[in-house]
Structure formats: structure tokens, C-alpha cells
Amino acid sequence: MELSSSLDSSQFQHTPYYCEENVYLLCKKLCANGTAEADGSDLFVVFISNEKKQACRTGKKVSLCYRLESVWHAVGNKSCYIPLWHQKASQRADGVVLWDYHVICVQRKKGGDSPCLVWDLDSSLPFPTPLAPYVSETIQPSFQLFSEYQRFFRIVHAPVFLRCFASDRRHMKDSAGNWIAQPPAYEPIVAEDKTEHNLNEYNEIRAAEVSVNVEPDLINAVYTNKLGVVLSENQLEEFFTQVSS
């Protein structure tokens with residue numbers, strides 16, 4: 001396989017505010033160039049979201065200045081409740097941004113002791129970054145957050161995601177039908193079964209969906225469930241230490 005260190009994020013398609021499509025294309029390219037298995041079996045798509053996402057009607061992501069004091073303040077869109085650090089869109093020294101949701105790719109290579117790698121096209125960390133430092137630097141689970149900023153992780157096996165995901169980009173239009181952010185120039189992604197839009201099924205996550213324990217049945221489920229499995233931030237690293245591609 002090609003060494004991932006030879007890759008640069010600029011080599012990948014990236015349309016601001018369309019992270020789910022960016023990751024879809026990233027997975028395809030990693031498979032095509034030999035960085036990942038040809039069938040994508042060592043790749044996992046991870047949606048980072050929470051219950052507050054369901055109050056967001058426009059899908060707009062905010063990266064404007066806001067204060068990080070005893071409380072969080074998001075300017076321009078109070079529907080953004082997913083804090084992540086070291087994001088390129090940030091105007092702060094610590095790189096923190098409040099997204100309405102975010103999507104990354106995690107690679108669990110077969111065999112050997114290679115660390116899991118995180119491919120995040122919106123991150124200012126090295127590309128890719130091993131999972132452990134990504135969690136500590138970007139997610140910062142030790143940072144005390146109010147409950148509305150709690151983050152959940154929907155993990156979907158890439159081969160399943162590439163077959164099933166679809167988006168007609170309706171979430172990026174306002175009530176008048178105008179684009180909130182310009183869409184990619186290529187055609188919208190359509191699922192193999194001709195579904196035209198199911199993004200909301202992936203990025204809307206309820207606390208009731210979060211798995212209690214990381215057990216063998218949960219590991220097995222990620223390979224077959226269209227919508228994968230849902231974990232808390234404290235379970236993320238444990239899951240990838242147990243999963244085998």
C-alpha cells in the first residue's frame with residue numbers, strides 16, 4: 001500500500017460545509033490509490049453529532065468568533081452544538097469551532113500494530129492523524145462541557161456507506177430555496193438503490209441510540225447495519241481497538 005505520509009489534504013476534493021460528501025469521495029480515493037483496501041474494508045465513516053442537531057433546519061455550519069468562557073456562545077446559529085478543536089475554519093488560536101455536525105474517516109489497517117488513522121479534511125492536525133492524539137486534541141473528552149454539547153459518534157463501515165448514502169443537498173438551502181453555501185460542481189450522490197436523500201438518517205443521532213457497552217455483537221453490527229452503530233466519545237477508542245477490518 002502507498003504510504004499515507006505521501007498524501008496531502010490538498011489532493012482530495014473538499015467543498016466547505018459538505019463534509020459528508022467530502023468523506024464519501026475521500027474513501028473512494030483512498031481505495032483507488034492503494035492507501036486503503038480496494039473494497040474499503042479497512043475504512044469507517046464517522047458522523048459526529050447529537051440530539052441538538054435535530055433542531056437545525058438549515059444545516060448551516062458556523063465558524064464565526066464566539067466566546068469560550070463559563071458557557072459557550074455560538075454567533076449566528078444556535079443550532080450548532082458540536083465543539084471540535086484544531087479546525088481550519090476557526091478564527092481562534094485553539095482552532096475550536098462549533099459545527100452542527102461533522103464527518104471524518106477512520107482507517108483500521110489489517111494486521112500489524114499500525115495505529116488507527118483519522119482522515120479529517122477540515123483539521124489542522126497532520127493528515128492523517130493517529131486516532132489517540134486526534135481524540136485528545138480534537139475531541140478533548142477531558143474538557144468539561146454542558147450536556148447540550150455532548151457528542152455522539154455514528155460509525156458506519158465504508159463499504160456499506162458507499163452503497164447506501166445519498167444526499168440531494170436540501171439541507172444546504174434556506175426556506176426560500178437559496179443556497180446557504182455553494183454546492184460541489186459534481187452531481188449529487190445517489191445510493192445504489194436509487195435513494196436520492198438520506199443524510200438526515202446519518203447525521204441525526206439520539207441519546208437512546210448510544211450503545212451501553214462495546215461488545216462482540218456491536219462490533220459485528222457495524223459491518224451490516226446501514227446506519228452503523230452509535231457510541232459515546234468515551235467508547236470511541238475502545239471500539240477501534242476491538243474492531244478488525
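Values below: every heavy atom of this structure, side chains too, minus hydrogens, waters and symmetry copies. Keep in mind the model is a prediction, meaning the values are calculated, not measured.
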> Can you name the nearest heavy-atom pair linking Leu199 to Ser167, along with the distance?
Replying inline: CD2-OG, 4.3 Å

> In terms of side-chain heavy atoms, does Gln13 have a donor or acceptor partner in Tyr186 at a distance below 3.5 Å?
Replying inline: no

>> Checking the side chain of Lys29 only, and the main-chain atoms of Gln11 only, is there a donor and an acceptor separated by less than 3.5 Å?
In response: yes

> Within the side chain of Thr129, is there an N or O that forms a donor-acceptor pair under 3.5 Å with the backbone of Pro126?
Replying inline: yes

> So, for Val23 and Val103, which heavy atoms are closest and what is the spacing to 0.1 Å?
Replying inline: CG2-O, 3.4 Å

> Does the side-chain contact (heavy atoms from CB on, under 4.5 Å) test come out yes or no for Tyr134 and Val106, once each step is laid out?
Replying inline: CA-CA 11 Å; Tyr134 183 88; Val106 176; over 6 Å; no

>> Tell me if the CD atom of Glu187 is crowded by more than 12 foreign heavy atoms within 6.0 Å.
In response: no

>> For Ala166, is there any backbone N or O sitting under 3.5 Å from a side-chain donor or acceptor partner on Asn198?
In response: yes

> Taking the six-membered ring for Trp, are Phe127 and Phe12 parallel (under 30°), tilted (30 to 60°) or perpendicular (over 60°)?
Replying inline: perpendicular

> Do any pairs count as a side chain to side chain donor-acceptor pair (under 3.5 Å) and have a residue in residues 209-221, sequence neighbours left out, and if so which ones?
Replying inline: Arg154-Glu209

> Backbone N or O of Ala181 within a donor-acceptor pair of the Tyr18 side chain at under 3.5 Å?
Replying inline: yes

> Where the side chain of His157 meets the backbone of Ser41, is there a donor-acceptor pair that is under 3.5 Å apart?
Replying inline: yes

> When the ring planes of Phe165 and Tyr24 are compared, do they come out parallel, tilted or perpendicular, using 30° and 60° as the limits?
Replying inline: tilted

> Between the side chain of Thr195 and the main-chain N/O of His197, is any donor-acceptor distance below 3.5 Å?
Replying inline: no

>> Would you say CD of Glu238 has more than 12 non-hydrogen atoms from neighbouring residues, nucleotides or ligands within 6.0 angstrom?
In response: yes

>> If we ignore hydrogens and angles and just use 3.5 Å, is the side chain of Asn50 paired with the main-chain N or O of Gln150 as donor and acceptor?
In response: yes

> Run the side-chain contact (heavy atoms from CB on, under 4.5 Å) check on Ile82 and Asp100 step by step: do they pass?
Replying inline: CA-CA 6 Å; Ile82 304 301; Asp100 58 341; over 6 Å; no

>> Please identify which of these residues, Leu125, Asp120, Leu98, Asp94, meets the side chain to side chain contact (heavy atoms under 4.5 Å, CB included) condition with Gln87.
In response: Asp120

> Can the ring centroids of Phe161 and Phe44 be said to lie less than 6.0 angstrom from one another?
Replying inline: no

> Is Ser49 reaching over with its side chain to a backbone N or O of Ile205, donor-acceptor style, under 3.5 angstrom?
Replying inline: no

> Below 6.0 angstrom between ring centroids: does that apply to Phe143 and Trp85?
Replying inline: yes

> Can Lys109 and Glu37 be counted as an ion pair, charged N to O under 4.0 angstrom?
Replying inline: no

> Looking only at heavy atoms, what is the nearest atom pair of Cys164 and Ala191, with distance?
Replying inline: O-CB, 3.2 Å

>> For Glu201, is there any backbone N or O sitting under 3.5 Å from a side-chain donor or acceptor partner on Glu204?
In response: no

> For Lys226 and Val156, which heavy atoms make the closest approach, and how far apart are they?
Replying inline: O-CG1, 3.6 Å

>> I'd like to know if Glu233 pairs up with Arg151 as an ion pair, taking the criterion as any Lys NZ or Arg NE/NH1/NH2 lying under 4.0 Å from an Asp or Glu carboxylate oxygen.
In response: yes

